[in-house]
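As the structure is a computational prediction, the values presented were derived from the model and not from experiment. By convention in this document, chain letters (A, B, ...) are assigned in the order of the sequence lines, proteins followed by strands, and residues within each chain are numbered from 1.
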2 protein chains.
Amino acid sequence: MLAEPTRRRILDRLRRSESSVGELVAALGMSQPAVSKHLKVLREAGLVTCRTAAQQRIYRIDLRPLRAVDDWLGPYRRMWTDHLDALERHLDSQE
Amino acid sequence: MLAEPTRRRILDRLRRSESSVGELVAALGMSQPAVSKHLKVLREAGLVTCRTAAQQRIYRIDLRPLRAVDDWLGPYRRMWTDHLDALERHLDSQE
DNA sequence: TGGTCATATGCCTGTCAAGGAATGCGAGGC
DNA sequence: GCCTCGCATTCCTTGACAGGCATATGACCA
């Protein structure tokens, strides 16, 4: 999901402000179908929501699924805040 | 990278303790070549280091690359800690 | 209702990655 | 020196996915 650079770019842009599909197409310099497909993936992953405004679809980011990523990262973050310095010293010493 | 469930399982296991390839094979119930290939990917990504102990290769996690993930997540985390409640209220209201 | 605009979907192709089977390779034990 | 063990690498097949083009859908306007 976040492995796709294009999708991260979409999220980074939607993080600043919601956008229509056309705006994203212009910003990404990609074909419109490609953008729509990425948006579909993001939609099904729950990372974005969309509302219909006239003929446009306005996409907006939904942060909640990212908390799962943050939760997964939690134990690791604890490790490096606790022991990173010691680990670095260890790794440097064995190079 | 982290999109692969198998690799996340490997990391989750190495987070608790370093392991040899054989231990990982047994823990994951996968073929040995498959595990070695995933370890190669993780090695080239800098997420694990390995040392040679007798005939075994002992793999150990390296947390430093995960800080990049954490950094990428930073702006989003700020958003939800600041505004998640408001966003949830907004989304609920428009369902 | 016919036409147009904004978006979604289907079809096609190229690319890439995962997994298994077989094999190569270095370290130890006899 | 040979054989075995632990792991890495190669080859192969299969499946997933990105991107483009063409086309469908759906909302609005004349």
Side-chain angles (χ1 to χ4, degrees), chain A residues 1-62 65-66 68-69 72 91 94-95, chain B residues 1-62 65-66 68-69 72 91 94-95:
Chain A
M1 190 95 316
L2 307 169
E4 251 300 314
T6 303
R7 284 196 284 266
R8 281 198 303 270
R9 290 208 292 157
I10 291 178
L11 285 183
D12 281 334
R13 197 164 197 291
L14 290 182
R15 176 165 54 84
R16 304 172 205 283
S17 75
E18 58 181 20
S19 305
S20 69
V21 178
E23 290 172 332
L24 291 172
V25 169
L28 300 175
M30 226 176 4
S31 77
Q32 174 266 317
V35 174
S36 277
K37 284 178 214 175
H38 283 300
L39 288 171
K40 179 178 187 174
V41 174
L42 292 170
R43 225 186 310 131
E44 289 172 348
L47 279 161
V48 299
T49 60
C50 86
R51 72 173 196 275
T52 303
Q55 318 92 313
Q56 299 188 339
R57 302 276 176 94
I58 307 296
Y59 278 84
R60 170 191 287 257
I61 196 171
D62 186 347
L66 286 176
V69 181
W72 178 84
L91 290 170
Q94 74 180 6
E95 267 169 9
Chain B
M1 191 96 312
L2 308 169
E4 252 300 314
T6 303
R7 285 197 283 266
R8 282 199 303 270
R9 291 208 292 157
I10 291 178
L11 286 182
D12 281 333
R13 195 164 199 292
L14 290 181
R15 177 164 56 83
R16 305 173 204 283
S17 75
E18 58 182 21
S19 306
S20 70
V21 177
E23 289 172 333
L24 292 172
V25 168
L28 300 175
M30 226 177 1
S31 77
Q32 175 266 317
V35 174
S36 277
K37 285 180 217 173
H38 283 299
L39 288 171
K40 178 177 187 176
V41 174
L42 292 170
R43 224 185 312 131
E44 288 172 349
L47 278 161
V48 299
T49 59
C50 86
R51 71 175 196 276
T52 302
Q55 318 93 312
Q56 298 189 339
R57 302 274 176 95
I58 307 296
Y59 279 84
R60 169 191 288 256
I61 196 171
D62 186 346
L66 286 176
V69 180
W72 178 84
L91 290 171
Q94 74 180 6
E95 268 169 7

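Comparing A54(A) and T6(A) against DNA chain D, the residue whose closest nucleotide sits nearer the 5' end is T6(A).
Here chain A contacts DNA chain C (any atom closer than 4.0 Å to a heavy atom, that is under 4.0 Å), and the contacts span dA6(C) to dC11(C) from 5' to 3'. Boundaries of the chain A contact region on DNA chain D are dA18(D) to dC28(D), first to last in 5' to 3' order (nucleotide atom under 4.0 Å from a heavy atom).
Among all heavy-atom pairs drawn from L14(B) and I61(B), the shortest one is O-CG2, 4.0 Å.
Formation of a donor-acceptor pair under 3.5 Å by the R7(B) side chain with backbone atoms of M1(B) is found in this model. One N or O on the side chain of R8(A) and one on the backbone of L2(A) form a donor-acceptor pair closer than 3.5 Å.
By the 4.0 Å N-to-carboxylate-O rule, E18(B) lies close enough to R51(B) to be salt-bridged with it. Salt-bridge formation is detected for the pair D12(B)/R15(B): a Lys NZ or Arg NE/NH1/NH2 atom is positioned less than 4.0 Å from an Asp or Glu carboxylate oxygen.
Annotation: proximity of residues 7-23 of chain A to DNA chain C (heavy atom, distance under 4.0 Å) is found for S20(A), V21(A), G22(A), numbered in ascending order. Looking at residues 27-37 of chain A, you'll see Q32(A), P33(A), S36(A), K37(A) sit with a heavy atom under 4.0 Å from some atom of DNA chain C.
Using a 4.5 Å heavy-atom cutoff, the side chains of V48(B) and L11(B) are in contact. Side chains of Y59(B) and S19(B) form no contact here, defined as non-hydrogen atoms less than 4.5 Å apart.
With sequence neighbours left out, S20(B) forms a side-chain hydrogen bond (donor to acceptor under 3.5 Å, both in side chains) with no residue at all.
Applying the side-chain hydrogen bond (donor to acceptor under 3.5 Å, both in side chains) test to every pair with at least one member in residues 24-37 of chain A, sequence neighbours left out, gives these pairs: Q32(A)-S36(A).
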